[in-house]
Every structure is written in C-alpha cells, then in structure tokens.
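Being a predicted model, the structure only gives us computed values, none of them experimental. Throughout, a chain's letter reflects where its sequence line sits, starting with A, and its residues are numbered from 1.
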Protein chains: 2
Amino acid sequence: MSDVKIRNMEEFAALSGISRPTVSKYFHDPESVRPSTRARIEAALEQYDYRPNIFAINQNRKQTKTVGILVPYLADPVFAEFARNIEQRCVDMGYRPTIFSAHGEQETENEILENLRAQKPAGALLAPLGRASDVAAVKAFCKDVPTVLFDSILPDVGMAFIGSDNPQFTRLIVDYLCRTGEPPCFFEMKTPTNPNARKRRQSYLDAMQALGQEPQVFSVDGADWHFEEIGRQGGHQVLRSGEMKTNTVLCSNDRLAIGFLTACYELGLKVGRTEDCAIRVAGQDDHPFSRYTCPPLTTIAQDYDSVSREAVATLFRAIEGEDFPYSIKLFEGKLVMRESA
Amino acid sequence: MSDVKIRNMEEFAALSGISRPTVSKYFHDPESVRPSTRARIEAALEQYDYRPNIFAINQNRKQTKTVGILVPYLADPVFAEFARNIEQRCVDMGYRPTIFSAHGEQETENEILENLRAQKPAGALLAPLGRASDVAAVKAFCKDVPTVLFDSILPDVGMAFIGSDNPQFTRLIVDYLCRTGEPPCFFEMKTPTNPNARKRRQSYLDAMQALGQEPQVFSVDGADWHFEEIGRQGGHQVLRSGEMKTNTVLCSNDRLAIGFLTACYELGLKVGRTEDCAIRVAGQDDHPFSRYTCPPLTTIAQDYDSVSREAVATLFRAIEGEDFPYSIKLFEGKLVMRESA
DNA sequence: ATATAATTTTTACGCGCGATAAATTCTTAC
DNA sequence: GTAAGAATTTATCGCGCGTAAAAATTATAT
C-alpha cells in the first residue's frame, strides 16, 4: 500500500493505466468491464487506496445509492429492532441506508423528510408517527421518493404498506385468554399516536362479541412515548378503582404491559396464571424485553423478520423500475405463552 | 407557493432578483447579507420552495455540516438514549447528524467508519465497541475526522474522551450495599466487550478491600450483546451453584441485572430489601427500563445528559478551530435507590 | 487471415455550487 | 452634497465525476 495521496479519479486512472471513463464504469459496476482491465484496476486499488468522491457521484447520477429509514421513536426497542433488521437488508442489497428517528414529534418528522428529500435517496422505508404525522408532508415526500410504509399505515400514502395484522393479533390473544381463564379487559392509552392501537381496540371489541363476552375497556391518559410510565400510572388508577370486572388484562402493547406489571408489583398483586395469582396480564408485540419481565410476559409476537424483509423487497422492486399498484401486506403474529397469562 | 420547479441557484437568484453569489452567501449565513436583500430572498423562498443541492455544496466546501454519531449497539436503550440526546444537540448547533450502529461487530464498525470518512463530516462522536474495536482503524479515522470518543475509552484515540467515572459508580453502590445489608458479590460477563466492565470489576475489588470485606466475583459465559439472556442463564447457574456467600448481588450493568432478576423470579426467589426477601440485586447505568422491573432496580444513574453535552461541546470546540490537548472528562453517577436492593 | 462484435480511449461537455477579484451600487456619516 | 465604507454584481474558475459520441484498439468467430 503506497501512501501517495490520490486526489481524483483522473489521477487514479493514470496510475492504473486505464482511462478515466472506463474506471468510472468499473466503479459503477465492476462486471461491466473486461476481466483483464478489471484486474488491473483492482491491482491499482490495492496499491493506492482510492475511493471516488461520493458527493461528485451523487451530484451527477440521477439516482443515488442512499436509502432512508425513518422510525417514529428509535429509543423504543421495537423500532430499534425494525431499524436494525431493515438496515442490514439494505446493506446486503448494496445500498447505503441511513437511520432517522422522529423522536415522536411531527416537526422532527417533517424536517427529516425535508432533509432526506434533498439527498435524493433511491428510496425510503418509513414508519410514520401515525396520527401525529403531517399526512400532506409525507404524501409530498412520497411523490419525489419511492417510499414503502411499514408498521403504521397512512392510507394510500407511499407505494405500499407492510405491517402486522393487528386484528388477528388481538383475536388470537383474546381467544387464548378466554379459553384459559376469565375473559380479558382491555388496557390502552386514551389518545394513542399509533393507528394500530385503534385497530387493536376495535378488534378486542369484535373478538369479545364473537365469543359472547362482555368487553371492558380502560383508556388512560398520557400522550407521549413514555409508555411504561403511562402503563404504570394508568395501572395504579385502574387497579385501585375496583372497576375491573375480571382478573385478566390485555394491554394494547408490551410497553404498556411492562408498566402495568410494575403497577401490579407495587400494589402487591401477584401476576400469573397459577392458582395463587391475583391477576393475569398480557401484551402485544413481543417487545425484546418482554421475555425478561417478572413474570415473563405473555404476548403476540410481531413477525419483525417478515415485515422487514417484505418492506425492503417491495421497495427494491420499485427502485428497480417495476411498476405495481398500491398494495397492503399484513403478517400474522404468533402467540408467545409465558407466565404472565 | 408557486409550483414552478427551480433547477438551481442561478434560476432562484434570477427569480428573487438577487445575484447568485449573494444568494450563495445568504445560504451560508443569512446574517451576512443586508436586511433588505435578506427580505427579498426570503420572500422568494416562500414563493418558490428552493433548496440548494446538498451534494454540490458539500463537494465545494472544504467542511461539510455533517456530523457522524456511531454507537456500538443501537438496540440497547442506553445507546439509543445517548444517540437521541447527542443527535438533538447537533441539530441545535445547526449541523446534520447521522446515527450509525456497529451492531456489535468490528467489521460493521470499520465499514461505517470508512463510509463516514468518505462523507468528509465536520466531526464525529464515537462510542466504540471497545475491546472488539479495530483500534488502528479507529485511529486512522480520527486522523482525518475530528472525533470525540464517549462511553467507552480507547486510550489516546480521538481528541478527547467523555464518559462516566466507573470506579466512582461502583464505589458508591458497594458502599451503599454494605451499609444497608450484606456486602455484595459481583456478577459480570467473563469476556465483556466494553472496557468499562473491567473497571467496574476492579473497582468492586478495591471498594470491598477498603471496607474490609471479602470480595466474590462471578464471571459467566456469553460474549454477544444479548446481555439479558446472559444475565438470566448466568443467574441460574450462580444461584443454583450454592456458591454465593452473600444475599446481595451487584451486577456489572443493568441489562445483566434485568436478566438476573428474571432468573431469581424463575427460581422463586423474592428480590428486595425487606425482611421477607431472599436476595438483593443491584445494577449500574440506570437503564431506561430499570425503573419498571419487578422489583424496580436499584442502580447507579449515568449522567447521560452531562456526558452528551460535554462530548458535543468538546467536538464543536474542535470543529471551530480551537486547539487543545487530549483530555479525559468523567462524570459521576448518582445512586438511585429502588426496591431491589 | 479477415470480418465483425465488443471494449476501450479520446475528447468534450455538464452538473450545481463555492470562491475570488474587479467593477459597480448602495449606505452612512459628516 | 460628498466621500468613505459596505454590500452587491459581474465575470470567471474550479470541484470530481457522469455521460455521450467518435475514433482506436482488442477479442471472437468464421
């Protein structure tokens, strides 16, 4: 490895003994040049450590190799998991993904979209804030950048939506809970930002009706992303109110459930499905930590892998020029039975 | 808002009635032009929605407005919290931060560093993998990009290191535990990737000696980033071995502690500091979820805010041309007393 | 050996903006 | 009203690379 500093492709081409346009072609696609010239370029590459200037490339290509990934709240392990999964898949496709988080705020989401658009990405994978999103802004973004939405749907925005079949989630776990004990009441935030929450509530009501059970919904205050705290405080409220007609609680998501479990602990209520327990608690999502709560949380596992894979696949079909109508694809969840219910 | 599409600064300048160099100057610093011309530009800006091409800008400026943020594992809420905090501060400084995660792998860390370098960022904030880092690669990166390391130190790499005073953490909690009950044994991973873990162990040994207590260390297997699972399995192992000479366990970090708590639960051991409890468990870090474990985890709170603030401030002093010698700044932790110990 | 196809080289332009120097216009103070 | 100072305009390069067309070279098939 020589330590001669190479300023640009011109210099590198001269040193490798190949013309600049051919070198340029090589960097665009190594397979597109004759094996013998490829070998010469790669030999020079090992000797001189040159990399094309990424800004000059992006300025001149209509399409960059950048992919934007935007999630509503990165400190939420569910989205950290999605981001990690999707990022890896983009890298494998030879693209350069960048992760952004809206931190739960519309203004931030819009700013990120603006900045992202300026980078002319090849595409974007977007889990919008949901109810808190500026739909017009997201739509405008999608007009410029091929975008696939995931996790949280904004109807007819983007090229496709990939997510979880929330009604199925809730049906499945309501069914299980009814089969194994008292029918559950439903614990949720009054004003959830995520549209999935509304679907889960509705699906709870439907499932209970289908089973001939009387539903009971507790909607607690709290509008930000501190779900555990909302679950804990709301849990205290509900548990102390004495209004619960059942010993079983289905939480709208695992993070609320984690907080609810804390409330149970603080009130001295033993949680679980054995005889000596006072209450059963279940969640939805299979949050990465739900295996480690005490007791471990019974929940419905999101199919992170399938959702991520399909979202990325769909985006790249679009990037590669395939034309297809707007579509929605939902994946089913699996019941994860643990001790809490 | 007119829907005339503007191709470049030339066109925009013409439409706003100002010359291109002045417009360019405006975008570089709005304060640098006369108020009357600023008003005219901003009026045109509202009418025509033009944004300078970011690639062209970065190609021509020696220094970009990009800042790279790299953490070892973004799905770990501790690093998600750091990333969020630091990102916000960079935005406030008028820069465009980008978050990357090494996902616990050296190869990924190196690739990110390579890509980042190609982007000629104004600076970088780096929490390296630690023991698993390719020190030479990181050093090479720091030679090209002003870099401040945080959380995990690589001695003499970067312009400065900002982190937590791990010995103080451990001293503080060992002290507390000894004062309020039996002296703790220490629970850790045998081969931690993070150098802080070694400091904590050593500091545990020192603190115990200073207090005239006999130390006991349990080092369990497991080398990846699934700390909770390592804590759980290791917990089972330790608890069943019968080798614990005390009823108090200090875990090297909160994530291990969370897994250890699960092990306790699974073995039917009641955790807490009341008389009816079999064991006390404490962690270190004040992981965002440690408030919600059952029982809530007693721990030492990292000063996320101070570390982030100081790291960003140090970086920007360097970016703005200030010259200073390599320095290390450590922040103290605060004892967070909860029910687990 | 020759014709044909496939690559590579040469040459030249363009992308959108930063930067600079000289010429011009505007501001401010007297 | 005038002169000095500040801001703006005009004109012109340069950044590093994509891209296109024509000319030259090489590889492949007959």
Side-chain angles (χ1 to χ4, degrees), chain A residues 4-45 48-66 96 115 117-120 122 144, chain B residues 4-45 48-66 94 96 115 117-122 144:
Chain A
V4 181
K5 286 286 165 198
I6 294 181
R7 309 190 156 281
N8 53 36
M9 196 181 280
E10 195 83 51
E11 271 188 41
F12 175 76
L15 286 167
S16 64
I18 304 289
S19 73
R20 187 176 71 76
T22 304
V23 170
S24 170
K25 209 168 162 231
Y26 166 84
F27 279 111
H28 186 69
D29 173 14
E31 302 295 313
S32 70
V33 302
R34 200 187 296 153
S36 61
T37 68
R38 192 186 323 152
R40 291 172 68 186
I41 293 176
E42 278 164 0
L45 222 38
Y48 293 111
D49 172 47
Y50 158 77
R51 307 190 52 162
N53 179 307
I54 197 170
F55 301 114
I57 292 176
N58 284 338
Q59 179 172 31
N60 295 312
R61 266 215 273 270
K62 320 102 217 270
Q63 179 158 283
T64 68
K65 283 279 188 182
T66 307
R96 310 190 320 106
N115 279 324
R117 173 155 53 176
Q119 289 185 47
K120 301 191 177 86
D144 290 0
Chain B
V4 180
K5 286 286 165 200
I6 295 180
R7 308 190 158 281
N8 53 35
M9 196 181 279
E10 195 84 50
E11 268 187 44
F12 175 75
L15 284 167
S16 64
I18 305 288
S19 73
R20 186 175 71 77
T22 304
V23 171
S24 170
K25 210 166 160 233
Y26 167 84
F27 279 112
H28 186 70
D29 173 14
E31 303 294 314
S32 71
V33 303
R34 201 184 297 153
S36 61
T37 71
R38 191 186 323 152
R40 290 172 67 187
I41 293 176
E42 279 164 0
L45 224 38
Y48 295 109
D49 172 47
Y50 158 78
R51 307 191 51 163
N53 179 306
I54 197 170
F55 301 113
I57 293 175
N58 285 339
Q59 179 172 32
N60 295 312
R61 264 215 274 270
K62 321 104 217 257
Q63 179 163 281
T64 69
K65 283 280 189 181
T66 306
R96 311 188 321 104
N115 280 323
R117 173 156 50 176
Q119 288 184 47
K120 302 191 176 84
D144 290 0

Distance check needed: D:dT19 C1' versus A:His28 NE2, whole Å only. 11 Å
Would you kindly give the CD1-to-C1' distance between A:Ile54 and D:dG16, to the nearest whole Å? 13 Å
For D:dT8, take OP1 and OP2 only and decide whether either is under 4.0 Å from a side-chain N or O of B:Thr22. no
Calculate the interatomic distance between B:Arg40 atom CZ and C:dC26 atom P; express it in whole Å. 10 Å
Nearest-neighbour nucleotide for the A:Asn53 side chain, D:dG16, C:dT10, D:dT8 considered: D:dG16
Within less than 4.0 Å of OP1 or OP2 of D:dC17, is there a side-chain N or O belonging to A:Tyr50? yes
Value in whole Å for how far the C1' atom of C:dG16 lies from NZ of B:Lys5: 17 Å
Nearest-Å distance, CD (B:Glu10) to P (C:dG18)? 12 Å
Name the residue closer to the 5' end of DNA chain D, choosing between B:Arg20 and B:Gln59 according to the nucleotide with the nearest heavy atom. B:Arg20
With nearest nucleotides of DNA chain D determined for A:Asn8 and B:Gly17 from heavy-atom distances, which residue corresponds to the more 5′ nucleotide? B:Gly17
Does any N or O in the side chain of A:Arg40 come within less than 3.5 Å of the main-chain N or O of A:Gly17, such that one atom is a donor and the other an acceptor? yes
I'd like to know if the side chain of B:Lys25 reaches the main chain of B:Ser32, judged simply by a donor and an acceptor atom lying under 3.5 Å from each other, with no hydrogens or angles considered. yes
Between B:Tyr50 and B:Phe12, what is the ring plane arrangement, given parallel below 30°, perpendicular above 60°, and tilted in between? parallel
Picking from C:dC17, D:dC17, D:dA20, the nucleotide nearest the side-chain atoms of A:Ala56 would be D:dC17
For the pair made of CD1 in A:Ile57 and P in D:dC15, what is the distance, rounded to whole Å? 17 Å
Separation of atom CE in A:Met9 from atom P in D:dG16, rounded to whole Å: 12 Å
Counting only N and O atoms by type, is there a donor-acceptor contact under 3.5 Å from the side chain of B:Thr64 to the main-chain atoms of B:Lys120? yes
Report yes if some heavy atom in the side chain of B:Arg51 is under 4.5 Å from a heavy atom in the side chain of A:Asn115; otherwise report no. yes
B:Arg51 vs B:Arg34, nearer the 5' end of DNA chain C by closest nucleotide: B:Arg51
To the nearest Å, give me how far apart CG (A:Asn60) and P (D:dG18) are. 7 Å
Do the side-chain N or O atoms of B:Ser24 get closer than 4.0 angstrom to the phosphate oxygens (OP1, OP2) of C:dC17? no
Can you find a side chain N or O atom of A:Thr37 that sits less than 4.0 Å from OP1 or OP2 on C:dT8? yes
